[in-house]
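Beneath this line is the structure, given in structure tokens, with notes to follow.
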Amino acid sequence: MSAFADIILPLAQPCYTFAVGEHPNISVGDAVAVQFGKQAVYTGIVRRLHDEPPKSGRTKSIISRLYDTPLLSPEQIRFWEWMADYYMCTIGEVMRMALPTTIKPHARNVAEFEPYAPRCERILKLTDAVPKGDEMERMRRRAPRRAALVEQLREAGGELPRCAVEADAAVISALVKAGIVTIFERECASQFSPISGASLPSLSAPQTTALEQVCEQFEQHNVVVLHGVTGSGKTEIYARLIADTLARGEDVLYLVPEISLSQQLVARMRLMFGERVTAYHSKLTPQRRTRIYTDLLRAPSGNFVIGARSALFLPFARLGLVVVDEEHDSSYKQSEPAPRYNGRDAAIMLAAIHGAKTLLGSATPALESYANTLSGKYGYVALGERYGDALPPQIILSDTIRAAKRGERKSHFNTILLDKIEERLGRGEQVMLFQNRRGYSPYIECPECGWTARCPHCNVTLSQHASGASLKCHYCGYMSPAPRRCPACRTAEVRPMGFGTERVEEEIQRIFPTARILRLDGDTATSDAAYERIISGFARHEADILVGTRIIAKGLDFERVTLIGILNADNLLNAPDFRAGERAWQTIVQMAGRCGRRNGEGEVIVQTSDPQHALLTLAAEPLYEKMAATILAERKLFSYPPYTRLIRITLRDADAQRLATTATALGGALRERFGARVFGPVSPLLDRLRGEHIVEIMLKIEVESSFARAKQILREQIDALRHESGNRKTVIICDVDFA
Ligand code: ADP
Ligand code: ZN
Ligand code: ZN
């Protein structure tokens, strides 16, 4: 029996040692209540048991052990440890995010602390005193409602949950008084039970080949990339592998970038695997998430969870397969708060800990993943054709400057696009228009003096909304009415510059007055329900045109869409980010994937001022290998991932002077150790946010050198700086593999 326990607390703190005290049969992974701070009581997790008294003298004792089984398996603890180490945060920060709030309560003091109690249901049960024969006859005549309940219970085998019977309280209490029925409480039944059997569509010949190749590749690789063009039926291939895994009695985790955008997928999986397919994500209520967590804890393995990246933290007993769908998607990366992890990369680690396989699927694999297939680290399977009769969409690059010169442009649309919209609408088909910005216009400008409206708290221009009537900051939400006349020179009227989805909607409506238009962006999809309403409305053909931002590029499947307009490819390519080219390519190919999915010929018009741009011509083909080779050569030249690993160190402070001093000191200290691998400190484009000043330092570590060692040095330098300067006010954040 050990005397001490190292406890993980849900805080940005290291583990603390507590005395085991009167809880000798405590084990690793157990949840316990401990006091931390003056009086506060937290739920902690036992990480390690040992007999070494802490150097700091007196230790507090564990107050109580919570729950009758450990909350964490040894695999989960290893996963948490890896995550804290790799992404440079404390294991407490991992705990804070990993466990649903209801299961890890905290309180101001012992009296107020209340552990999670699983919901119980009341069960009505017949006793041995059930009336028989004549007695029962008599009851039927005198108290028909009581008799009805007795019969209902008897038919159900003697017991039923209270909520399943209609009888009112008086009837039940009369039967209880007569000793015929007893009431007891029982924990609600787990919603998990192994899934057996699935009704799967039969695969086409190319799909069958791809599936066989995936299985072969899994014999040599733990990770396989399935590169299947949009509409090739990757989902059907996943389904086969999932069914096999479940049949072996192992668990399956199917990760999607954003679950709220995946309702179509969840529905499809339920058709194939039944209602026991569980969806898990951070938008569920904490109660619901806790319920899923505790149910899974008790369930036998053979479960199927579809989830966003937070599902990685569920307690799988025997994980056999992890599918990471749309693995290229940047929303797999959590940027705030810590742990700033990439869901795809963490999935690969989780699977490795369990000895499970990982399948990365995409029509546009991330270059990091692709490079790993080239080096032989991952397996690679390509599926190059669409399912059935669907042809690949045709992508046409349309020159905006030339169109403007020739008078072939109306507001923000080239006439070729307008003509095609008219033609498609005439045939009763649907159109999607993509613009990478929401709102009316990204900024307003005075044509005389060049004044632009800027946010007083953040260093960005204010975007125009509500048909131009109001101005809004997309970072902090600051709002103000839009001026008509320039407040600086007072001579000219300000003009909207550029255009967002709101303006597209307005102008398209003016050009096609009878067309029915829906808009899907951050301003209209304010909740899952609103999102669902727009998507299903469009799917039912209640609208002809769907205007939207990047969220309309993600995995949606509409039968009647045959034309896509990408209104401004330039701002995709010119984003200030080393991944801009790759992302632009992915967005165009993914958008193209939304049209002509069943039989029609899909067409995509890409408006750009630079139709010769190498990446655009490659997107038009679309030739993945060539695109990848082009970008990889560039990345190598400039030492970007996948040839290096990046750590972005962000420093934030309301006091600009103190920030500058700290950043210069840290930059200098790092340069001493890392030399030319340090970039900065520099002011990012967005150098003031919500009233705080921001400075960044970038660290590029070659993949050949030890990343763990580099992070160790970085940690030491940050600690030393804090120690020497006594400055604890400047916030310093490390974002590993930032994206
Ligand atoms: P991807 O995810 O690769 O873009 P999907 O899995 O969504 O492709 O498949 C595209 C369309 O083709 C879907 O409507 C799907 O139902 C259909 N489909 C693909 N494979 C099959 C199959 N084997 N049997 C029946 N329908 C299929
Ligand atoms: Zn702002
Ligand atoms: Zn002016």
Side-chain angles (χ1 to χ4, degrees), residues 199-211 226-240 242 254 256-257 262 264-265 267-269 271-272 323-329 359 361-365 381-393 443-463 471-480 483-495 539 553-561 589-599 602 686-692 694:
S199 57
L200 306 180
S202 47
L203 297 185
S204 67
Q207 287 173 341
T208 308
T209 312
L211 175 64
L226 175 60
H227 178 194
V229 299
T230 54
S232 58
K234 292 184 286 297
T235 322
E236 280 67 22
I237 296 177
Y238 303 153
R240 293 277 151 176
I242 292 166
Y254 186 135
V256 291
S262 303
Q264 281 185 341
L265 173 78
R268 254 167 96 187
M269 286 296 170
L271 279 180
M272 295 191 243
V323 174
V324 184
D325 198 10
E326 310 290 356
E327 62 89 32
H328 63 277
D329 199 308
L359 184 64
S362 176
T364 53
V381 174
L383 182 55
E385 54 194 276
R386 286 187 154 188
Y387 174 76
D389 304 327
L391 294 169
Y443 65 106
I444 56 172
E445 194 178 87
C446 168
E448 282 301 317
C449 70
W451 173 89
T452 59
R454 306 189 76 83
C455 176
H457 312 291
C458 312
N459 189 15
V460 287
T461 53
L462 294 173
S463 298
L471 296 173
K472 188 171 166 187
C473 172
H474 282 183
Y475 288 91
C476 72
Y478 170 86
M479 299 257 280
S480 81
R484 284 204 41 189
R485 194 159 288 283
C486 171
C489 68
R490 298 187 186 279
T491 55
E493 276 189 20
V494 295
R495 276 201 214 133
K554 296 194 176 186
L556 293 169
D557 192 352
F558 301 110
E559 241 173 288
R560 284 200 189 78
V561 174
V589 173
Q590 290 288 348
M591 255 333 284
R594 301 310 118 218
C595 73
R597 286 172 71 86
R598 293 303 144 77
N599 34 42
L686 184 63
D687 63 359
R688 201 151 62 88
L689 185 62
R690 296 182 194 97
E692 275 189 316
I694 300 169

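No hydrogens, no waters, no symmetry mates; every other heavy atom, side chains included, goes into these values. Small disclaimer: the values here were computed from a predicted structure and weren't measured. One-based numbering, in listed order, for ligands and for the atoms of each.
Screening C473, S463, S480 against C455 for a side-chain contact (heavy atoms from CB on, under 4.5 Å) leaves a single residue, C473. Among T235, L359, V324, the single residue meeting the side-chain contact (heavy atoms from CB on, under 4.5 Å) criterion with Y254 is T235.
Atom CD of residue Q590 and atom NE2 of residue H328 lie 4.0 Å apart, to the nearest 0.5 angstrom. Between L471 atom CG and M479 atom CE the span is 9.5 Å, to the nearest 0.5 Å. From I242, atom CD1 reaches atom CE of M269 across 4.5 Å, with rounding to the nearest 0.5 Å. Interatomic distance, L200 CG to I237 CD1, rounded to the nearest 0.5 Å: 12.5 Å.
For R268 and E236, the salt-bridge test passes: some basic side-chain N is under 4.0 Å from an acidic carboxylate O. The existence of a salt bridge linking R484 and E493 is confirmed by a sub-4.0 Å separation between a basic side-chain nitrogen and an acidic carboxylate oxygen.
Only protein atoms were considered; those of element N, O or S under 2.8 Å from the Zn ion (ligand 3) number 4.
Protein residues lining ligand 1, listed by chain and number: P201, S202, L203, Q207, V229, T230, G231, S232, G233, K234, T235, E236, R268, Y387, D557, R597, R598 [non-hydrogen atoms, distance under 4.0 Å].
Of all non-hydrogen atoms in Y478 and P456, the two that sit nearest each other are CE2-CD, 3.5 Å.
Excluding waters, the set of protein N/O/S atoms under 2.8 Å from the Zn ion (ligand 2) reads C455 SG, C458 SG, C473 SG, C476 SG.
In this structure F558 satisfies the ring-ring contact (aromatic ring centres under 6.0 Å, His included) test together with F538, sequence neighbours excluded.
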